[in-house]
Number of protein chains: 2
Amino acid sequence: MENKEEQSEIHGRDLDEETLFIVSQTFKALGDPTRIRILNLLFDKELSVNGIAETLHLKQSTVSHQLRFLKNLRLVKYRRDGTTLYYSHDDEHVMHMLKQTIEHACHH
Amino acid sequence: MENKEEQSEIHGRDLDEETLFIVSQTFKALGDPTRIRILNLLFDKELSVNGIAETLHLKQSTVSHQLRFLKNLRLVKYRRDGTTLYYSHDDEHVMHMLKQTIEHACHH
DNA sequence: TGCATATATCAGTATATGCTCATATATTAA
DNA sequence: TTAATATATGAGCATATACTGATATATGCA
């Protein structure tokens, strides 16, 4: 119960392992320039894998790998149209953080 | 000028290299469990290097290295009292993001 | 000055990450 | 079924990252 109290306090002492993992993974997703560029593209539109690759001058496999990473964290989703997959963002909270931080950084 | 217009659009196309670097570095700082634990400790109090190390059961050199990382990004600051350095957070925006994300993650 | 304490830094190692090429899978249309 | 297109996946490589032990630096005090 002491343990329970400590865990229910969000700050104060230490975080439990699962929370720590989720939080670090989330920020890690935003900690790579390529993934930031991809998410930035998806702010207001959906795009195919090749569409992203061509716009950002990246290899198809690079984009696909990074999209899988983002998909595993449920930061993006896709819809299929024929053989084409259209990706879009799927986490408002994360996109909001990204937007805020980009705007914050632009002032430098 | 076309280039200028594209850069001034925050979304839409691509981000300039400097913005990309700042944003990715910021999130990278939050993308490591050890640094998250350290910042979480500093939410509402200042702590010495050894204080952090003992609380989190980390080596002194580990904590010192991570604090240097965070200090370079101006996410923490310190004040000296004798031979002891008391560290505290120094970026409200980042701490707010961290808090939000921790609370968000706790619901899982 | 000399010693003790607190912190910083260096160098080595292990692991993680990201990119790329080659190839596999999946869907559509002929 | 076969070909064409779009995407996913696997393996290898180079680099980045994090931790650690040993050592250096800095401050305060006797």
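Just so we're clear, the structure is a prediction, and the values are computed from it rather than from any experiment. Letters A, B, ... mirror the listed sequences (proteins, then strands); counts begin at 1. When reading the values below, keep in mind they use all heavy atoms of this one structure, side chains included, and skip hydrogens, waters and symmetry mates.
With 3.5 Å as the limit, one finds a donor-acceptor pair spanning the side chains of Asp16(A) and Thr19(A). For the 3.5 Å distance criterion, the side chains of Gln100(A) and His96(A) qualify, holding a donor opposite an acceptor.
For Arg37(B) and Asp14(A), the salt-bridge test passes: some basic side-chain N is under 4.0 Å from an acidic carboxylate O.
Judged by distance alone, with hydrogens and angles left aside, the side-chain atoms of Ser64(A) form no donor-acceptor pair with the main-chain N or O of Gln60(A) at under 3.5 Å. For Lys28(A) (side chain) and Lys28(B) (main-chain N/O), no donor-acceptor pair under 3.5 Å exists by modelled atom type. Between the side chain of Lys77(A) and the main chain of Tyr87(A), no donor-acceptor pair closer than 3.5 Å is present.
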Protein-nucleic acid N or O pairs under 3.5 Å, nucleotides 5-8 of chain C:
from, atom 1, to, atom 2, distance (Å)
dA6(C), O4', Thr83(B), OG1, 3.2
dA6(C), O3', Thr83(B), O, 3.4
dT7(C), OP1, Val49(B), N, 3.3
dT7(C), OP1, Leu85(B), N, 3.2
dT7(C), OP1, Leu85(B), O, 3.4
dT7(C), OP2, Asn50(B), N, 3.0
dT7(C), OP2, Asn50(B), ND2, 3.0
dA8(C), OP1, Tyr87(B), OH, 2.6
dA8(C), OP2, Ser64(B), OG, 2.9
dA8(C), N7, Gln60(B), NE2, 2.8
dA8(C), N6, Gln60(B), OE1, 3.2

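Rounded to a whole Å, the CG atom of Leu58(A) is 15 Å from the P atom of dA8(D). In this structure, Phe27(B) atom CZ and dT17(C) atom P are separated by 18 Å, rounded to whole Å. Straight-line distance from the CZ atom of Phe69(B) to the P atom of dC19(D): 11 Å, rounded to whole Å. A straight line from NZ of Lys28(B) to C1' of dA18(D) spans 13 Å, rounded to a whole angstrom. Taking atom CD1 on Ile36(A) and atom P on dG18(C), their separation rounds to 11 Å, with Å as the unit. For Arg35(B) and dA18(D), the CZ to C1' distance is 8 Å, given to the nearest whole Å. Atom CD in Gln25(A) sits about 11 Å away from atom P in dA16(C), given to the nearest Å. Rounded to an integer number of Å, the gap from NE2 of His57(A) to C1' of dC19(C) is 17 Å.
The shortest distance between the side-chain N/O atoms of Gln66(B) and the OP1/OP2 oxygens of dC19(D) is below 4.0 Å.
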